[in-house]
*Asks:* 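For reference, the structure I am asking about is given below.
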Amino acid sequence: MRALIVIIITFFFQQCFCQSKNVDSLRYQLDTAQGDLNRAHILLDIAWTYQYSNPDSAINYGNRSLAAAKKVGNSKAEVKALNSLGYFSRNLGDLPKGLEYEFDALQIAQSNHYLNDEADCFVALGFLYVDLANYSSAINYYRAASKIFNQLKNYNQSTYTLRYIGAAYSTNNQLDSALYYLERFYTKSQALKLPEDADLFMLLGDVQFQLGNHSLGFGFLQKSIRLSKKDNFYRTTASAYNIIAKFYKELNQTDSCIYYAQNGLAVAQEIGFKQKIIESCEILSRAYEPFDIKKSFYYRKIYDSINEELYGRQKIQALQKTLSEQQEQQRKDELQKIAYQNQVKEYSLLTGLGIILIIAFLLYNNNRHKRKANLLLQHEKEKVESTLSDLKSTQTQLIQSEKMASLGELTAGIAHEIQNPLNFVNNFSEVNREMLDEATEEINKGNIDEVKNILNDIKDNSEKINHHGKRADAIVKNML
């Protein structure tokens, strides 16, 4: 036992030494920080270094960070400070205050659409509701966080929500559901190459113990303790020790039960983890009861004292007040949401009506323009038809003119062609007239022979006249 105490004291001394160096570095940064926003961030970093070793100091620095964030009006820094204070209050076992911080943080995150911070608040509220044994609400918060993480493609954090859900089912003794989600978490964490998770093996060990797989459960828990010590996950270490202690209690192996319960108590006391302190004390009180009533009573007193602090009448009242205020706020938010939805519907209706009126006006205007266009088109059509009629009349006149011109050209051509034969006819007729006159004179003279010669010439000329007359007639027929 002494060796165990020495190992635990040495372990925590080393951790405190490393923590002291880290805090000194942060305090130096705080002294040289420019601006309240930088101070708010550094103060919050200091607060987180105290989360296990000194929860009261964590709360103090968290409140200073919150004040600095409010001073500069940075709502995002304010959300982170409130969310952190919710975690620190849970570590102290002050669940009502933790809920108050987380609900305030959630309201600011949602108002400013800080989705990642909203999801962080949902996770923290899930943890608080598990401590309050309201597992259905806790699981709903975890699922809401998972939905946002997936939306942001933050698949690592989304995967961790599977473990949180598995833990809630395990605490509520829904072992099949717990195992389903824990195995899903393990498969996805392997695919994403996440580091080995001490909490996973602690939860798997608890489930396997409850299922009766003692050897498998013990192996998981031993691995959880090794990992949690390496990574300084004190809450997990204390939880794993207590699970093993309860296992040995069921097997009536009192010495092993006391050994692991005392380990769990020592770790829980070092970090002020009150939920596990009372759990360890309850195990130890029952383990000592059959043979050492003084020690049993000693641990029972510690149990009663812390249990009253965590779950006494004042805490219950504070918790009821916080939950009542939150329910009232949710009711107001719901009414505001309904009013907003109604307003949106009203605006949508007015917008729709406006659009309908605009469409009706456009249709009317379009119809009016269409009628004007039709009238104009009709007028143009009539003009085109009139023009077409004029063109047809003009075309007819042109055709007639062209025919007359052609006829004139034809007549001129005929006249030209028959001019020569007619000239011949006229000439020969004139000659015949003269020759007739000569014949008459010769008859009077009694020159019969000369008359005969003249008549023969007249006959020849007549034949020529007849020939040229036929030629003129042929020319006219060919021209026509």
Side-chain angles (χ1 to χ4, degrees), residues 40-41 43-70 74-112 114-135 137-146 148-149 157 160-161 163-164 167-168 171 199 233-235 271-276 309-311 315-316 318-330 333:
H41 293 316
L43 285 165
L44 199 58
D45 289 339
I46 296 173
W48 277 101
T49 63
Y50 282 119
Q51 63 169 318
Y52 294 131
S53 63
N54 192 338
D56 290 327
S57 293
I59 292 287
N60 177 44
Y61 279 102
N63 278 315
R64 288 174 63 185
S65 174
L66 178 61
K70 286 183 176 180
N74 190 296
S75 56
K76 195 169 187 64
E78 188 178 347
V79 169
K80 292 190 178 299
L82 286 167
N83 180 243
S84 301
L85 285 165
Y87 276 101
F88 304 151
S89 298
R90 177 179 178 242
N91 289 342
L92 281 171
D94 193 348
L95 302 184
K97 198 65 179 175
L99 286 172
E100 183 180 337
Y101 283 131
E102 293 301 341
F103 283 135
D104 288 346
L106 180 62
Q107 187 174 12
I108 297 172
Q110 289 177 330
S111 298
N112 292 278
Y114 301 148
L115 291 180
N116 198 78
D117 294 303
E118 182 181 350
D120 288 339
C121 291
F122 283 145
V123 170
L125 285 167
F127 293 154
L128 287 162
Y129 273 94
V130 166
D131 292 343
L132 291 169
N134 188 341
Y135 303 110
S137 293
I139 289 169
N140 287 336
Y141 279 122
Y142 292 146
R143 284 175 174 160
S146 178
I148 294 175
F149 285 137
Q157 290 301 320
Y160 279 112
T161 59
R163 171 164 64 75
Y164 305 151
T171 310
D199 283 305
F233 294 159
Y234 308 125
R235 294 171 66 97
I271 62 174
F273 190 9
K274 294 179 180 179
Q275 287 92 340
K276 292 304 169 183
E309 180 183 346
L310 292 180
Y311 308 113
K315 287 291 183 182
I316 295 298
L319 181 62
Q320 289 174 339
K321 180 175 180 293
T322 300
L323 293 175
S324 176
E325 289 175 350
Q326 177 57 24
Q327 288 174 351
E328 178 62 22
Q329 183 61 44
Q330 287 179 343
D333 290 343

*Asks:* If every non-hydrogen atom of A40 is compared with every non-hydrogen atom of S65, which pair is closest and at what distance?
*Replies:*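 Looking at all heavy atoms of both residues, the closest pair is O-OG, 2.7 Å.
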
*Asks:* Might you work through the side-chain contact (heavy atoms from CB on, under 4.5 Å) test for E102 and L82, ending with a clear yes or no?
*Replies:* CA-CA 6 Å; E102 293 301 341; L82 286 167; over 6 Å; no

*Asks:* Please answer whether the main-chain N or O of I46 pairs with a side-chain N or O of T49 as donor and acceptor at a distance below 3.5 Å.
*Replies:*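 Yes, T49 side chain to I46 backbone: donor-acceptor pair under 3.5 Å.
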
*Asks:* Is there a side-chain contact (heavy atoms from CB on, under 4.5 Å) between Q275 and L95 once you walk through the steps?
*Replies:* CA-CA 11 Å; Q275 287 92 340; L95 302 184; 4.0 Å; yes

*Asks:* What heavy-atom pair brings L44 and A81 nearest, and what distance separates the two atoms?
*Replies:*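 Between these two residues, the closest heavy atoms are CD1-CA, 4.0 Å.
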
*Asks:* Show your reasoning for whether side-chain contact (heavy atoms from CB on, under 4.5 Å) applies to I139 and R143.
*Replies:* CA-CA 6 Å; I139 289 169; R143 284 175 174 160; 3.7 Å; yes

*Asks:* Does the side chain of N83 reach to within under 4.5 Å of the side chain of Y101, using non-hydrogen atoms?
*Replies:*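 Heavy-atom side-chain distance check fails, nothing below 4.5 Å.
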
*Asks:* Quick check on the 6.0 Å ring-centre criterion: do Y234 and F273 meet it?
*Replies:*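 Judged by ring-centre distance (under 6.0 Å), Y234 and F273 do not meet the cut-off.
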
*Asks:* Return the CG to CD distance between N112 and Q107, rounded to the nearest 0.5 Å.
*Replies:*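 Nearest 0.5 Å value for the CG-CD distance: 10.5 Å.
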
*Asks:* Determine the minimum heavy-atom distance between I148 and L115, stating which atoms define it.
*Replies:*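 Minimum heavy-atom separation between I148 and L115: CG2-O, 3.3 Å.
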
*Asks:* Enter the distance from C121:SG to I108:CD1 here, rounded to the nearest 0.5 Å.
*Replies:*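 Separation between the atoms: 9.0 Å.
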
*Asks:* About how many Å separate CG of L128 and CD of E100, when rounded to the nearest 0.5 Å?
*Replies:*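 The CG atom of L128 is 12.0 Å from CD of E100, to the nearest 0.5 Å.
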
*Asks:* Within the structure provided, determine whether R235 and I271 are in side-chain contact (heavy-atom separation under 4.5 Å).
*Replies:*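 They are in contact (side-chain heavy atoms under 4.5 Å apart), so the answer is yes.
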
*Asks:* Find out whether Y50 and I59 are in side-chain contact, i.e. whether some heavy atom of one side chain is under 4.5 Å from a heavy atom of the other.
*Replies:*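 Side-chain contact under 4.5 Å: no.
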
*Asks:* Do you know which two heavy atoms are closest between A138 and V130, and how far apart they sit?
*Replies:*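 Distance-wise, the nearest heavy atoms are CB-CG2, 3.6 Å.
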
*Asks:* Over 60° means perpendicular and under 30° means parallel, so tell me whether Y164 and Y142 are parallel, tilted or perpendicular.
*Replies:*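 Answer is tilted, since the angle falls between 30° and 60°.
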
*Asks:* After noting the C-alpha distance and the side-chain angles of F88 and L92, does the key distance pass the side-chain contact (heavy atoms from CB on, under 4.5 Å) rule?
*Replies:* CA-CA 6 Å; F88 304 151; L92 281 171; 5.9 Å; no

*Asks:* Kindly give the heavy-atom pair with the smallest separation between D120 and Y87, and that separation in Å.
*Replies:*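 That closest heavy-atom pairing would be O-OH, 4.2 Å.
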
*Asks:* With side-chain contact (heavy atoms from CB on, under 4.5 Å) as the test, pick out the partner of L99 among D131, D94, D104, L132.
*Replies:*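 The side-chain contact (heavy atoms from CB on, under 4.5 Å) with L99 is passed solely by L132 among D131, D94, D104, L132.
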
*Asks:* Could you give the distance from CD (E78) to NZ (K70), rounded to the nearest 0.5 Å?
*Replies:*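 Nearest 0.5 Å value for the CD-NZ distance: 5.5 Å.
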
*Asks:* Check A119 against A145 and note the closest heavy-atom contact, atom names and distance.
*Replies:*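 Here A119 and A145 meet closest at O-CB, 3.5 Å.
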
